[in-house]
K.L.:
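Below is a structure I'd like to ask you about.
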Amino acid sequence: MGSSNSQLHVVALSGAGMSAESGLKTFRGADGLWENHRVQDVATPEAWERDPELVLRFYNERRAQLYRVEPNAGHRALAELERTHRVSIVTQNIDNLHERAGSTSVLHLHGELDLARSTADPDLLYPLEGRPIELGDRCERGSQLRPHVVWFGEDVPELQRAAALVETADVLIVVGTSLQVYPAANLAYMAPPGARKFVVDLEIPDSAGLQGFDCREAAAGMALPKLVGELAEGEM
Ligand code: APR
C-alpha cells in the first residue's frame, strides 16, 4: 500500500484557515480585523516606525497564544502523508503547528512567530521559544530585535524557493487561504500542467484561476484526513 507513490511530490500551500480549528483566528474574518487590530496598525513597516511597542506587544501576544494551542487533524494528516509521499509544506502561516504535527519540510513564506530578527542584518535570527521581544532587546550587533515576519509592503525572500517546490509538484493542495495576498497567491497557479490540484476551504475562494482544481468545500480538519487517505491508498 502506498509505496508506489513514494516518488510523488505533494505540495501543500496553506493559509490561516489551516490553523483555524486549532483556535487561531484567520485574517479576513467577518469583522475585517486581525485579533482586534487593523493589519496596517500592527503588520506594516510604517506601524513599526510609528509604534514599535504596540507591534512587539501584538506579536508577543500571538506568540504566547501559540503555546496554548495544538495542531489539528488537518496538520496531522499532512504529516502522516510523509509515510507514502514526498511532502513539502509551503505555508503563509507564522505559527509552528505544521512542525509540531510532525511535518519535516515546512517553508514559511511570511516568516515565523517564534524567531526574532536583527533590524541590522536579516540573516541574524534568534529562537524565542515563546519568550517576548521587548524594546531594548538587541542583536549581537547592537540593533533592536523585531519579529521575523514579513509585513505588508515587504519583500518575500522565500518566494523563489517556494515557487521551485510548486513547479515540481505532482499533487498540489491549496488549503485555508483566501488567495487575496500576493505574491503568495500566485503560487496556487504555478503547478505544472499535469499536476493534480485540490482546494480545501470552508468557502472556496471565487477565483477563475481555480478551474481544474478538485474543490473540497469543508473544514481542513475534516477534508484533509480524507484527502490524505485517498492519496495514500493510491486512489487518485
Ligand atoms: N478549514 C479550511 N478553511 C478555512 C477554515 C477551516 N477550518 N476556516 C477558515 N477557512 C478559510 C476561509 O474561508 C478563507 O478562505 O481560510 C481562509 C483564510 O483566509 P485569510 O484569513 O485571508 O488568510 P490567508 O489567506 O492565510 O492570508 C494570507 O495575509 O494577513 C496576511 O500575511 C498574512 O499570511 C497572511 C496572508
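Read the numbers this way: they start at 1 and go in the same order the structure lists the ligands and their atoms. Small disclaimer: the values here were computed from a predicted structure and weren't measured.
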K.L.:
Please output the residues near ligand 1 using a strict heavy-atom distance under 4.0 Å, listed in chain and residue-number order.
P.N.:
G15, A16, G17, A20, E21, T26, F27, R28, Q92, H110, F152, G176, T177, S178, V181, D201, L202, E203, A218, A219, A220

K.L.:
With a 4.5 Å cut-off on side-chain heavy-atom distances among I, L, V, M, F, W and Y, is there a chain of contacts connecting I94 to L97?
P.N.:
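Yes.
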
K.L.:
Test of understanding: with salt bridge (charged side-chain N to carboxylate O under 4.0 Å, His left out), list the residues that count as partners of E46, not counting sequence neighbours.
P.N.:
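Scan of E46 (salt bridge (charged side-chain N to carboxylate O under 4.0 Å, His left out), adjacent residues dropped) gives none.
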
K.L.:
Do N72 side-chain atoms and G221 backbone N/O form a donor-acceptor pair below 3.5 Å?
P.N.:
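Side chain of N72 to backbone of G221: no pair is present.
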
K.L.:
Quick one: list whatever passes salt bridge (charged side-chain N to carboxylate O under 4.0 Å, His left out) with D41, sequence neighbours left out.
P.N.:
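By the salt bridge (charged side-chain N to carboxylate O under 4.0 Å, His left out) rule, D41 matches R38, R50.
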
K.L.:
What's the separation between atom OG in S143 and atom CZ in R117, rounded to the nearest 0.5 Å?
P.N.:
11.0 Å

K.L.:
For residues 153-163, which residue pairs qualify under side-chain hydrogen bond (donor to acceptor under 3.5 Å, both in side chains), counting only residues two or more places apart or in two chains?
P.N.:
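Only R146-E154, E158-R161 qualify under side-chain hydrogen bond (donor to acceptor under 3.5 Å, both in side chains).
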
